[in-house]
Amino acid sequence: MTYNYLKYKSLVKVFFIFILIGSQNKVQAQTDSLLQTLLVDEKIDSQLIAPKKMLFTQQLIWGEKGIFKNRYGNTQDLVERRKIDLRIRRKMLQLHQIGGFVTLGGMVAQGIIGSQLYKGSYQLKETHEKLGAAINLSYGFTAINGLFTPPSTFKRDKKLTSIRLHKWLAIAHMSGMLATNILASQIENNYALKPYHRAAAYTSFVSLAAAMVVIKF
Amino acid sequence: MVSLFFQSPNYEASTSSVTYSMVHKLHKWQGVSKDLKVATKWNEQKNEIEQISIVVNVSTFNSGLSSRDSHMMEVLDGLTYPRILFSSSSVQYTPEGIFVKGKLQFHGVERMIETKVKLEKVNRRWVFSGSLPILLEDYKVERPSLLFVKVDNKIQIDFQVAYNN
């Protein structure tokens, strides 16, 4: 008697479980069919897979006539190609960020050594020159990873934005870096150029630091 | 029961939107998409939504900064997972509000979510609005960083879906 009752109870349980699963599947199917009405095939916006607007430096590498124009051989899948480009872009911009920090750190150290040199600690001259070369290297690395990335997806800003300010400041620190290096090579022959060398170096430092501060996501 | 609508209301795209809010230690920002695709199944006797599905393309979000929107496309693998999908599994009208449960598919990851929706009548328009927090890492999104500081894991999603009749 007890055994039959237990058997009956478990059969009822199984029956209800089946009903529950069945009704859930029905709801799921209806929901999915509603969603399916929205999932029509759409043509991908050409801007997303082949952006036309880009810096001339990017055009040089990634443009239609750029150095890497045949980078994917005969692959016709434009979406797949663009996915790879975006991964490269992300990595390069991460390196650009790291490079910026390393360069700025080097500039701070150079500022300290440089000021000691100005005060007459001439034994630091060689260190100053070596550090200068290292800063040039890390600056160049940072610049390459900023200027030669695959192009971004959107370029629709009309007004002044943080990225535009970042680019303008880049012109300032790049000019400063060039001036600092040119003046450094002339100082041997003309000591009167020292204050201008220092001013150019400070301009580079300040504009690089500002370029890092203004940048937003 | 008093009928709110004489016929099934029509979805009104111009006043519907989805907004995300993200936070970084240095600043906060929002991105808005007004390009929602919505399919609604109405219970015409009760004049209530029975089921709703929403699709938004990742590329339609505009935060007012192109470079940021480009980064979002990269972070969210916008070419691999171009759409954010929501599909309700239950919609319950209660005196406290409307409780919607359903599947949210974001960055290729599907999770069940539940949110409370507020219904308001604005002129001749019915506006359903609400918000829900989601965690980027729940959806396997690698949080982007700036100055070596990652954005907050939590993002706020605010939505507004309007109908007219």
Visitor: In the structure I gave you, are the side-chain heavy atoms of Arg83(B) and Leu38(A) within less than 4.5 Å of one another anywhere?
Guide: no

Visitor: If you compare all heavy atoms of Thr37(A) against all heavy atoms of Ala39(B), which two are closest, and at what distance to 0.1 Å?
Guide: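 Heavy atoms only, the tightest pair is OG1-CB, 3.7 Å.
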
Visitor: OG/Ser162(A) to NE2/His27(B) distance, rounded to the nearest 0.5 angstrom?
Guide: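 Going from OG on Ser162(A) over to NE2 on His27(B), the span is 7.5 Å.
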
Visitor: Nearest 0.5 Å, what's the NZ-OG distance between Lys155(A) and Ser67(B)?
Guide: 8.5 Å

Visitor: So, are Lys83(A) and Asp77(B) salt-bridged, with charged N and O less than 4.0 Å apart?
Guide: no

Visitor: How many angstroms lie between CG in Asp45(A) and OG1 in Thr60(B), if you round to the nearest 0.5 Å?
Guide: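 Between atom CG of Asp45(A) and atom OG1 of Thr60(B) there are 11.0 Å.
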
Visitor: Has the side chain of Glu74(B) got a donor or acceptor atom that lies under 3.5 Å from a matching backbone atom of Arg89(A)?
Guide: no

Visitor: Would you say that Ser53(B) contacts Gln36(A) through its side chain, given a criterion of any heavy-atom pair below 4.5 Å between the two side chains?
Guide: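 Not in contact.
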
Visitor: Taking all non-hydrogen atoms of both residues into account, name the closest pair between Leu34(A) and Lys41(B) and its distance.
Guide: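 Closest heavy-atom pair between Leu34(A) and Lys41(B): CD2-N, 4.2 Å.
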
Visitor: Taking the side chain from Ser87(B) and the backbone from Leu35(A), do they hold a donor-acceptor pair closer than 3.5 Å?
Guide: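 Side chain of Ser87(B) to backbone of Leu35(A), a donor-acceptor pair under 3.5 Å: no, none is there.
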
Visitor: Ignoring hydrogens, what is the shortest heavy-atom contact between Gln97(A) and Ser145(B)? Give both atom names and the distance.
Guide: NE2-O, 3.3 Å

Visitor: Would you give the length of the straight line joining atom CZ of Phe154(A) to atom NE2 of His71(B), rounded to the nearest 0.5 angstrom?
Guide: 12.0 Å

Visitor: Looking only at heavy atoms, what is the nearest atom pair of Pro144(B) and Arg90(A), with distance?
Guide: CA-NH2, 4.0 Å

Visitor: Rounded at 0.5 Å granularity, tell me how far CG in Leu65(B) sits from CD1 in Ile215(A).
Guide: 8.0 Å

Visitor: So which heavy atom on Leu147(B) is nearest to which on Met212(A), and how close?
Guide: CD2-O, 4.0 Å

Visitor: Could you check which of Asp157(A), Leu86(A), Ile98(A), Thr153(A) has the highest count of heavy-atom pairs closer than 4.5 Å to chain B?
Guide: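 The candidate making the most pairs under 4.5 Å is Asp157(A).
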
